[in-house]
Amino acid sequence: MEKKLKLWDAVMIVMGSMIGSGIFIVSADIMRNLGSGYWLIVVWLITAAMTVAAAISYGELSAMFPKAGGQYTYITEIFGKPMGFLYGWGMFTVIQTGTIAAVAVAFGKFTAYLVPALNDAAPIFQNGDFKITWIQVLAILVILFLTFVNTRGVESGKLLQNVFTSSKIIALLGLIVLGFVLISQSNWNSNMSFGWDAFQNLKQTEWKSISGATILGGIAAAMVGSVFSSVAWENVTFISGEIENPKKNVVKAMILGTSAVMILYLLVNFVYLNALDRDSIAFAANDRVAVAAAEKMFGNAGTIIIAVLVMISTFGCVNGIVLAGARVFQTMAKDGLFLKSAVENNKNGVPAKSLWMQGIWASLLCLSGQYGDLLDMISFVIVLFYMITVFGVIYLRIKKPELERGYKTFLYPFTPVLYLLIGTGFCILLFIYKPQYTWPGLGLILLGLPVYFFINKKTSS
């Protein structure tokens, strides 16, 4: 593959893939679960520590295996084809494609702010609870358009990514600054006055004080949103084969990109705590905390400003995930674990057929309307695969110390162990307190086992 992506492009892919619609929404659920400004910040700090620790740990693997496929390649090289296939299966069925669908629909929903006719229009088709709306159609058009753009060559996707990611970073920085300049009556002190006391109010009734194990359950539930808002940075590893000097630039991009995004996320939450009181954060209409904060800053124009910002953000996010994901399925096809036609590059040097397979399945998920339910289940699965990959760093240090490591994990073994401890705590708490977030996602991944053995049997016969 041609090395057409520089360090700046790689950083833009990391940041652009991470920043979608989550940061504008999920703080409402965090506040409902924990009811204090202190705990809201703690959840984001824990998520930041996890995210950056994982990125630092992945750096060692990216330097050892600097080729396309990224995380799929790492898992396959360390733990074998069955485990690699389960990751790839999860990627195609829901992790990558479900994220593309969800973020594209978020683009459609915020477009409907500016074009109310999209909201008001009757469904194109309806049968019982199943319906197809114009918002879903718009989401599909965005997916197909960005898939087409990326089939024109990596430089086309790169240009879009750089423009949209730069735009949303500048817009977020403006929102952060104005969030302190334009608010005449700060709510910071009232939000922080609860200290380390925690409260829950999940159904807008009354705030109830919680303690002990209930706080732990609340943290786990709250982190489902913050974790999902902070994933997809590993997308840059999928396109290592097209990045200049991947042994150095991939790890730099992951560490710089994740650190910058988590700082932005923390600052945006400071704006929410400054602009809005506890109830306004927890019970913002449709969880759109950013809209409520912007209305405090700019009046009615705030809705339009945030709608445009989220449209820019989600459009760039979909592009980054579309650009990177298809490289995983191409690598799987080369290993005999995906459709053979996904192997080919087109005349522009990109895996066009793999891109279209990804785009069509993501579009079908848009039509199904089930991507939201699926995504609730996959924060657990995503963290599980992150943990497997991070554990791979320790495993290889013990089993194959002689392997060349162009980059060694900073503060090893503290950094990977920190991730594994937080990740294990998160997964155990979800199993105990929120099983609806764990078993379905785990079941979906395990369905890949019979598929793997069927493919292997077919290949060997």
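Residue numbers start at 1 and run along the sequence shown.
- Using a 4.5 Å heavy-atom threshold, the side chains of Met223 and Thr47 count as touching.
- When each of Thr314, Asn150, Thr147 is checked for a side chain to side chain donor-acceptor pair (under 3.5 Å) with Asn319, only Asn150 meets the rule.
- In this structure, the side chains of Val322 and Phe145 stay at 4.5 Å or more apart for every pair of heavy atoms.
- Residue pairs meeting the side chain to side chain donor-acceptor pair (under 3.5 Å) criterion with at least one partner in residues 391-406, sequence neighbours excluded, are Glu60-Arg397, Glu60-Arg405.
- Between Ser240 and Val250 the shortest heavy-atom distance is OG-CG2, 3.7 Å.
- For Gln200 (side chain) and Leu34 (main-chain N/O), no donor-acceptor pair under 3.5 Å exists by modelled atom type.
- With rounding to the nearest 0.5 angstrom, the CD1 atom of Ile23 is 4.5 Å from the CG atom of Asn269.
- Among the candidates Tyr265, Trp39, Tyr272, the single residue satisfying the ring-ring contact (aromatic ring centres under 6.0 Å, His included) test with Trp44 is Tyr265.
- Listed here is the closest heavy atom pair of Val163 and Ser167: O-OG, 2.7 Å.
- Put simply, the side chain of Lys81 gets close to the backbone of Asp335: a donor and an acceptor are under 3.5 Å apart.
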Practice problem: Go through the steps for Leu172 and Val268 under the test side chain to side chain contact (heavy atoms under 4.5 Å, CB included), then give the verdict. | Solution: CA-CA 8 Å; Leu172 276 173; Val268 168; 3.9 Å; yes
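- For the pair Arg327 and Tyr72, the cation-pi test (distance below 6.0 Å, angle within 45°) is failed.
- In this structure a side-chain-to-backbone donor-acceptor pair under 3.5 Å is present from Trp361 to Thr93.
- Residues Ile169 and Met12 form a side-chain contact, since some pair of their non-hydrogen atoms from C-beta on lies under 4.5 Å apart.
- Without hydrogens or angle criteria, Gln96 side chain to Ile321 main chain gives a donor-acceptor distance under 3.5 Å.
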Practice problem: Please test Glu242 against Lys4 for salt bridge (charged side-chain N to carboxylate O under 4.0 Å, His left out), starting from the C-alpha separation and ending with a verdict. | Solution: CA-CA 6 Å; Glu242 292 156 90; Lys4 293 185 177 179; over 6 Å; no
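- Ring-plane geometry between Phe329 and Phe92 is classed as perpendicular, the angle between the planes exceeding 60 degrees on a 0 to 90 degree scale with a lower cut at 30.
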Exercise. Please assess Ser313 against Phe107 for the test side chain to side chain contact (heavy atoms under 4.5 Å, CB included), listing each intermediate value before the final yes or no.
Key: CA-CA 8 Å; Ser313 180; Phe107 173 88; over 6 Å; no
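- Using a 30° and 60° split on the angle between ring planes, Phe270 and Trp188 fall in the perpendicular class, above 60°.
- Between Lys168 and Thr165, the closest side-chain pair of non-hydrogen atoms falls below 4.5 Å.
- Between Val43 and Ala222, the shortest heavy-atom contact is CG2-CB, 4.1 Å.
- Side chain of Thr151 to backbone of Phe148: a donor-acceptor contact under 3.5 angstrom is found.
- One finds a salt bridge joining Lys67 and Glu77 here, because a Lys/Arg side-chain nitrogen approaches an Asp/Glu carboxylate oxygen to under 4.0 Å.
- Pairing each heavy atom of Ile445 with each of Gly90, the nearest pair is CD1-CA, 3.5 Å.
- Remark: side-chain polar atoms of Thr97 are not paired, donor with acceptor, to backbone N or O of Ala362 under 3.5 angstrom.
- Salt-bridge annotation for Arg32 and Asp29: present, with a side-chain N of the basic residue lying under 4.0 Å from a carboxylate O of the acidic one.
- Using a 4.5 Å cut-off on side-chain heavy atoms (C-beta onward), Glu344 and Pro351 make no contact.
- Using a distance-only test at 3.5 Å, with no hydrogens or angles considered, a donor-acceptor pair links the side chain of Thr258 to the main chain of Met254.
- The OH atom of Tyr452 lies 14.5 Å from the CH2 atom of Trp89; values are rounded to the nearest 0.5 Å.
- One finds the CG atom of Asp9 at 8.5 Å from the CD1 atom of Ile243 (value rounded to the nearest 0.5 Å).
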Exercise. Could you walk me through whether Trp356 and Ser341 pass the side chain to side chain contact (heavy atoms under 4.5 Å, CB included) test, one step at a time?
Key: CA-CA 11 Å; Trp356 284 116; Ser341 54; over 6 Å; no
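- In this structure, Ala253 and Val14 approach most closely via the heavy-atom pair O-CG2, 3.7 Å.
- Remark: side-chain polar atoms of Thr415 are not paired, donor with acceptor, to backbone N or O of Tyr412 under 3.5 angstrom.
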Practice problem: Could you walk me through whether Leu309 and Ile306 pass the side chain to side chain contact (heavy atoms under 4.5 Å, CB included) test, one step at a time? | Solution: CA-CA 5 Å; Leu309 173 53; Ile306 290 297; 4.3 Å; yes
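- Applying the side-chain contact (heavy atoms from CB on, under 4.5 Å) rule to Tyr38 yields the partners Ser36, Met192, Trp196; only residues at least two apart in sequence or on another chain are considered.
- In this structure the side chain of Ser62 never reaches within 4.5 angstrom of the side chain of Tyr407, judged on heavy atoms.
- Donor-acceptor pairing under 3.5 Å is lacking for the side chains of Glu155 and Asn348.
- Of the possible polar contacts, none joining the Asn235 side chain to the Ala324 backbone as a donor-acceptor pair under 3.5 Å is found.
- The shortest distance between side-chain heavy atoms of Asp287 and Val26 does not fall below 4.5 Å.
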Practice problem: Show your working on side-chain hydrogen bond (donor to acceptor under 3.5 Å, both in side chains) between Asn345 and Gln330 and close with a plain yes or no. | Solution: CA-CA 9 Å; Asn345 276 345; Gln330 181 186 42; 2.8 Å; yes
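- A distance of 12.0 Å separates SG in Cys427 from CD1 in Ile422, rounded to the nearest 0.5 Å.
- Expressed to the nearest 0.5 Å, how far CD1 of Ile305 lies from CG of Leu175 amounts to 9.0 Å.
- The CE atom of Met91 lies 9.5 Å from the CD1 atom of Ile382; values are rounded to the nearest 0.5 Å.
- Every side-chain hydrogen bond (donor to acceptor under 3.5 Å, both in side chains) that Gln71 has, sequence neighbours left out, goes to Tyr58, Tyr87, Thr389.
- No side-chain heavy atom of Val224 sits under 4.5 Å from any side-chain heavy atom of Lys434.
- Residues Ala352 and Asn346 share a closest heavy-atom pair of CB-ND2, 3.4 Å.
- Tested against Phe426, the residues Leu430, Ile428, Thr424 include a single side chain to side chain contact (heavy atoms under 4.5 Å, CB included) partner, Leu430.
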